[in-house]
**Student:** 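Pasting a structure here, questions to come.
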Amino acid sequence: MQSYDAIIIGTGQAGPSLAGRLAGAGQKVAVVERKLFGGTCVNTGCTPTKTLVASAHAAHLARRAADFGVKLEGAVSVDMRRVKARKDTIAGRSNAGVEKWLKTMANCTVYEGEAHFTSEKEVDVGSERLRAQRIFINVGGRASVPEMPGLDQVSYLTNSSMMEVDFLPPHLLVVGGSYVGLEFAQMYRRFGSEVTVIEMAPRLISREDEDVSAGIAEILAHEGINLRLGAECIRLAKRGEAVVAGVECTDGAPEVVGSHLLLAIGRRPNTDDLGLEAAGVKTDQRGFILVDDELRTNVPGIWALGDCNGKGAFTHTSYNDFEIVAANLLDGDSRKVSDRIPAYALYTDPPLGRAGLTESEIRKIGRPALGARRAMANVSRAVEKGETEGFMKIAVDAESKRILGAAILGTGGDEAIHCVLDVMYAKAPYTVMQRAVHIHPTVSELIPTLLGELKPL
Ligand SMILES: Cc1cc2nc3c(=O)[nH]c(=O)nc-3n(C[C@H](O)[C@H](O)[C@H](O)COP(=O)(O)OP(=O)(O)OC[C@H]3O[C@@H](n4cnc5c(N)ncnc54)[C@H](O)[C@@H]3O)c2cc1C
């Protein structure tokens with residue numbers, strides 16, 4: 001039995017930083033990782049996908065070279081091996097960086113293996129038993145593979161196995177028209193594949209407002225991505241080397257034949273094989289660990305951080321979980337999950353930057369609100385860059401004048417959204433930003449203008 005002050009299970013976006021703070025405070029820390037140091041974001045999520053998105057963007061821009069007066073000889077083609085090699089180099093650097101950081105950290109011992117609880121204070125890793133007064137769970141999630149007729153007859157890819165693809169699939173079928181699926185769909189179309197997105201709901205990313213879903217659908221359709229929406233009964237089958245997806249949609253043929261299949265139907269937490277029952281840690285029906293506003297589970301001395309607690313599904317929310325726990329335990333600074341404002345981006349090109357409530361959420365809560373919207377075609381920076389697709393919109397509370405939410409679907413939307421987000425965190429009235437003088441020409445400079453055009457929602 002090895003005794004520690006703290007055990008951290010998983011090296012995602014919260015665990016390593018928490019190990020750094022605890023070990024730095026002189027505590028004896030054990031960190032357990034069963035697979036890849038750095039977890040999803042570094043190895044199979046944000047970093048590699050955004051690296052691939054950058055390669056896809058280069059191919060897209062090269063095809064559009066003539067629009068900018070640039071001459072290219074011959075057709076544009078993509079070397080998928082080099083695309084993958086670039087991705088591997090960049091993601092590999094981060095993975096190695098996390099591993100080295102943890103393995104050279106004073107007061108920290110790294111265990112490579114799968115952790116299982118045996119009691120409230122004990123965890124087994126292989127033949128070792130570790131004991132600590134405090135245990136922090138940062139086990140993340142994985143692609144959800146739900147039962148689907150015929151799935152057992154076909155081979156399929158997930159976000160993890162997509163990382164090994166170094167060839168161009170002739171026709172990629174993407175089941176799932178949400179954040180993960182759409183990023184892969186657009187990048188593979190730009191690499192040169194035929195791509196069909198199959199989505200059960202009547203619209204893409206149905207958590208967003210209808211105009212956002214429609215805007216994204218238009219951008220993707222314009223690039224030649226086939227969209228099969230309202231595919232209520234998806235059935236899969238093998239036909240020779242091909243994979244056939246039966247789709248009962250309102251439009252189009254009843255089946256789509258592709259060469260490869262990517263499942264992007266959501267994520268599930270890695271909590272099913274952790275032995276949580278031995279510690280008495282409670283989860284909800286989908287396996288997410290139940291936590292309070294400071295990320296404490298129902299068992300004193302056990303915390304859950306990151307995607308596995310269902311309070312966030314992003315790198316920044318997992319990292320913020322670390323900040324909350326560290327502030328409460330080490331700094332005497334009371335920080336809470338409920339202080340967090342929802343914010344995220346979809347990395348299609350152009351991207352979608354989002355902060356706060358959607359318009360439909362605002363209507364649901366019934367707050368009197370004002371809103372404004374502007375097409376990116378009316379934003380100088382977008383026109384100059386030749387990237388005029390999309391729009392930006394904002395909503396404010398009619399009484400308090402606080403910003404309730406915003407969406408920027410357009411060039412630079414993932415960056416420009418932060419000026420809205422910061423005013424929301426400052427709890428300042430929108431008039432503060434309306435009177436701010438932003439730099440010309442930027443996408444952000446139109447936000448004060450937009451705030452001068454508010455009308456009842
Ligand atoms: C394709 C894709 C793209 C994404 N892009 C973005 C993006 O652009 N921006 C963004 O903010 N988010 C993005 N995300 C989400 C983001 O990757 C996650 O929210 C983020 O990684 C937070 O994860 P985490 O800290 O909860 O744990 P993870 O990063 O999932 O890490 C958990 C770690 O725990 C380990 N582990 C699990 N069980 C055990 C066990 N029993 N014993 C020991 N170790 C264990 C795992 O091996 C893993 O290393 C993306 C996700 C995907 C799938």
Side-chain angles (χ1 to χ4, degrees), residues 7-18 30-54 87 91 94-95 98-99 102 110-117 123-126 128 130 135-144 157-163 174 176 178-185 187 262-276 278-279 287-289 291 295 304-322 325 342-348 351-354 414:
I7 299 170
I8 296 172
I9 308 173
T11 64
Q13 293 301 308
S17 301
L18 186 60
V31 171
V32 191
E33 174 53 58
R34 73 175 175 189
K35 208 169 173 196
L36 297 170
F37 286 89
T40 308
C41 182
V42 163
N43 299 288
T44 60
C46 339
T47 307
T49 56
K50 269 79 258 182
T51 306
L52 294 169
V53 162
K87 182 269 294 174
S94 298
N95 161 267
V98 175
E99 180 171 0
L102 290 169
V110 173
Y111 290 85
E112 291 186 64
E114 190 163 83
H116 299 272
F117 279 93
V123 161
D124 274 359
V125 186
E128 305 257 17
L130 318 182
I135 302 180
F136 302 92
I137 307 170
N138 178 218
V139 292
R142 61 185 186 273
S144 149
L157 296 153
T158 65
N159 69 291
S160 298
S161 44
M162 281 301 282
M163 296 299 119
V174 180
S178 202
Y179 308 90
V180 171
L182 296 184
E183 289 181 12
F184 278 113
M187 75 173 80
L262 165 64
L263 291 185
I265 321 182
R267 311 273 303 159
R268 58 177 294 194
N270 288 328
T271 52
D272 43 346
D273 49 4
L274 196 53
L276 288 176
F288 290 103
I289 299 173
V291 288
L295 302 165
L305 302 85
D307 289 9
C308 68
N309 65 28
K311 299 264 182 197
F314 302 100
T315 281
H316 45 280
T317 49
S318 179
Y319 187 78
N320 180 234
D321 284 359
F322 143 67
V325 170
Y344 49 87
L346 162 72
Y347 290 91
T348 48
L352 167 70
R354 278 270 303 110
D414 53 333

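Nothing fancy with the numbering, it's 1 onward along the sequence. Both counts, for ligands and for their atoms, begin at 1 and track the order of listing.
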**Student:** Provide, to 0.1 Å, the distance between atom 46 (C) of ligand 1 and the closest protein heavy atom, together with that atom's residue and name.
**Tutor:**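 Closest protein heavy atom to atom 46 (C) of ligand 1: Glu33 OE2, 3.4 Å.
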**Student:** Which atoms of ligand 1 are found less than 4.0 Å from any heavy atom of Gly39?
**Tutor:** 29 (O), 31 (O), 48 (C), 49 (O)
**Student:** Output yes when a side-chain donor or acceptor of Asn43 lies under 3.5 Å from a complementary backbone atom of Phe37, and no otherwise.
**Tutor:**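 Yes: the side chain of Asn43 pairs with the backbone of Phe37.
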**Student:** Where's the contact between Tyr347 and ligand 1, heavy-atom distance under 4.0 Å: side chain, backbone, both or neither?
**Tutor:**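 Near ligand 1, Tyr347 shows its side chain, while the N, CA, C and O stay back.
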**Student:** Is a donor on one side and an acceptor on the other found under 3.5 Å between the side chain of Lys50 and the backbone of Tyr347?
**Tutor:** no
**Student:** What I want to know is whether Glu183 and ligand 1 share at least one N or O pair that is separated by under 3.5 angstrom.
**Tutor:** no
**Student:** Would Arg142 count as a contact of ligand 1 if the rule is a heavy atom under 4.0 Å away?
**Tutor:** no
**Student:** Among side-chain atoms of Glu33 and Thr11, is any donor-acceptor pair under 3.5 angstrom?
**Tutor:** yes
**Student:** Find out whether Val123 and Tyr111 are in side-chain contact, i.e. whether some heavy atom of one side chain is under 4.5 Å from a heavy atom of the other.
**Tutor:** no
**Student:** Tell me: protein heavy atom nearest atom 12 (N) of ligand 1, and distance?
**Tutor:**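 So the nearest neighbour among protein heavy atoms is Thr315 N, 3.4 Å.
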**Student:** Heavy-atom distance to atom 37 (C) of ligand 1: which of Val139, Thr40, Asp414, Thr44 wins?
**Tutor:**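 Minimum heavy-atom distance to atom 37 (C) of ligand 1 goes to Val139.
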**Student:** Under 4.0 Å from any heavy atom of Ile9, which atoms of ligand 1 are there?
**Tutor:**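 Matching atoms, with element in brackets: 40 (C), 42 (N), 43 (C).
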**Student:** Under 3.5 Å, N or O to N or O, is Thr49 touching ligand 1 that way?
**Tutor:**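 N/O-N/O distance under 3.5 Å: no.
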**Student:** Any N or O of Ala115 that comes nearer than 3.5 Å to an N or O of ligand 1?
**Tutor:** yes
**Student:** Is any N or O atom of Asn270, backbone or side chain, closer than 3.5 Å to an N or O atom of ligand 1?
**Tutor:** no
**Student:** Does any N or O atom in Cys41 lie less than 3.5 angstrom from one in ligand 1, N or O only?
**Tutor:**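 It does: an N or O of Cys41 is found under 3.5 Å from an N or O of ligand 1.
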**Student:** With a cut-off of 4.0 Å, which atoms of ligand 1 are near a heavy atom of Ser318?
**Tutor:** 22 (C), 24 (P), 25 (O), 26 (O)
**Student:** Counting distance only, does the side-chain N/O of Asn159 pair as donor-acceptor with the main-chain N or O of Thr44 below 3.5 Å?
**Tutor:**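 It does hold such a pair.
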**Student:** What atoms in ligand 1 come closer than 4.0 Å to a heavy atom of Gly306?
**Tutor:**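 That gives atoms 26 (O) of ligand 1.
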**Student:** Could you give the distance from CG (Asp321) to CZ (Phe136), rounded to the nearest 0.5 Å?
**Tutor:**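 The CZ atom of Phe136 is 12.5 Å from CG of Asp321, to the nearest 0.5 Å.
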**Student:** Around atom 4 (C) of ligand 1, find the nearest protein heavy atom and jot down its residue, atom name and distance.
**Tutor:**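 Residue, atom and distance for the closest contact: Cys46 N, 3.6 Å.
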**Student:** If you measure every N/O of Gly45 against every N/O of ligand 1, is any gap under 3.5 Å?
**Tutor:**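 No - when backbone and side-chain N and O of Gly45 are compared with those of ligand 1, no distance drops under 3.5 Å.
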**Student:** Enumerate the atoms of ligand 1 whose separation from the nearest heavy atom of Asn159 is less than 4.0 angstrom.
**Tutor:**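 The atoms of ligand 1 under 4.0 Å from a heavy atom of Asn159 are 1 (C), 53 (C).
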**Student:** So, Ser94 side chain and Val42 main chain: donor-acceptor pair closer than 3.5 Å or not?
**Tutor:**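 Not a single qualifying donor-acceptor pair exists.
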**Student:** Does ligand 1 have an atom that lies less than 4.0 angstrom from a heavy atom of Gly113?
**Tutor:**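 Yes, that is the case, since the closest heavy atom of the residue is under 4.0 Å from the ligand.
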**Student:** Assess whether a salt bridge exists between Asp273 and Arg34, defined as any Lys/Arg side-chain N lying under 4.0 Å from an Asp/Glu carboxylate O.
**Tutor:** yes
**Student:** If I take atom OG1 from residue Thr158 and atom CD1 from residue Ile265, how far apart are they, to the nearest 0.5 angstrom?
**Tutor:** 11.0 Å
**Student:** Considering the heavy atoms of Gly12, write down every atom of ligand 1 situated less than 4.0 Å from one of them.
**Tutor:**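 This gives 25 (O), 27 (O), 28 (P), 29 (O), 31 (O) as the contact atoms.
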**Student:** Just jot down the ligand 1 atoms closer than 4.0 angstrom to any heavy atom of Ala313, in number order.
**Tutor:** 15 (C), 19 (O)
**Student:** Do Asn270 and Glu114 come within less than 4.5 Å of each other through their side chains, counting heavy atoms only?
**Tutor:** no
**Student:** List every atom of ligand 1 that sits less than 4.0 Å from any heavy atom of Leu274, numbering the atoms from 1 in the order shown and giving each element.
**Tutor:**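 Near Leu274, the atoms of ligand 1 are 41 (N).
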**Student:** Can you pull out the closest protein heavy atom to atom 18 (C) of ligand 1? Residue, atom name and distance to 0.1 Å, please.
**Tutor:**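 Closest protein heavy atom to atom 18 (C) of ligand 1: Asp307 OD2, 3.3 Å.
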**Student:** Using side-chain contact (heavy atoms from CB on, under 4.5 Å) as the criterion, point out the one residue from Val125, Ile8, Asn138 that pairs with Val32.
**Tutor:**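 Single pass found, and it is Val125.
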**Student:** Can you tell me how far NZ of Lys35 sits from OG1 of Thr40, rounded to the nearest 0.5 angstrom?
**Tutor:**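 Taking OG1 in Thr40 and NZ in Lys35, the distance rounds to 9.5 Å.
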**Student:** I want to confirm something. Looking only at heavy atoms, which of Gly141, Pro269, Ala343, Gly140 is nearest to atom 27 (O) of ligand 1?
**Tutor:** Gly140
**Student:** Pick one of side chain, backbone, both or neither for how Ala345 approaches ligand 1, counting any non-hydrogen atom pair under 4.0 Å.
**Tutor:**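 Contact part for Ala345 vs ligand 1: neither.
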**Student:** Of the backbone atoms (N, CA, C, O) and the side-chain heavy atoms from C-beta on, which set of Arg267 has a member under 4.0 Å from an atom of ligand 1: side chain, backbone, both, or neither?
**Tutor:**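 The part of Arg267 near ligand 1 is the side chain, not the backbone.
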**Student:** At their closest point, which heavy atom of Cys308 faces which heavy atom of Val139, and how far apart are they?
**Tutor:** CB-CG2, 3.8 Å
**Student:** Is a donor on one side and an acceptor on the other found under 3.5 Å between the side chain of Thr49 and the backbone of Cys46?
**Tutor:**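 Yes, Thr49 side chain to Cys46 backbone: donor-acceptor pair under 3.5 Å.
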**Student:** Asp273 to ligand 1: N or O pair under 3.5 Å?
**Tutor:** no
**Student:** Report yes if some heavy atom in the side chain of Phe184 is under 4.5 Å from a heavy atom in the side chain of Leu157; otherwise report no.
**Tutor:** no
**Student:** Take the angle between the ring planes of Tyr344 and Phe314 and call it parallel below 30°, perpendicular above 60°, tilted in between.
**Tutor:** parallel
**Student:** For ligand 1, is there an N or O atom under 3.5 Å from any N or O atom of Lys50?
**Tutor:** yes
**Student:** For atom 43 (C) of ligand 1, what's the nearest protein heavy-atom neighbour? Residue, atom name and distance, please.
**Tutor:** Arg34 N, 3.4 Å
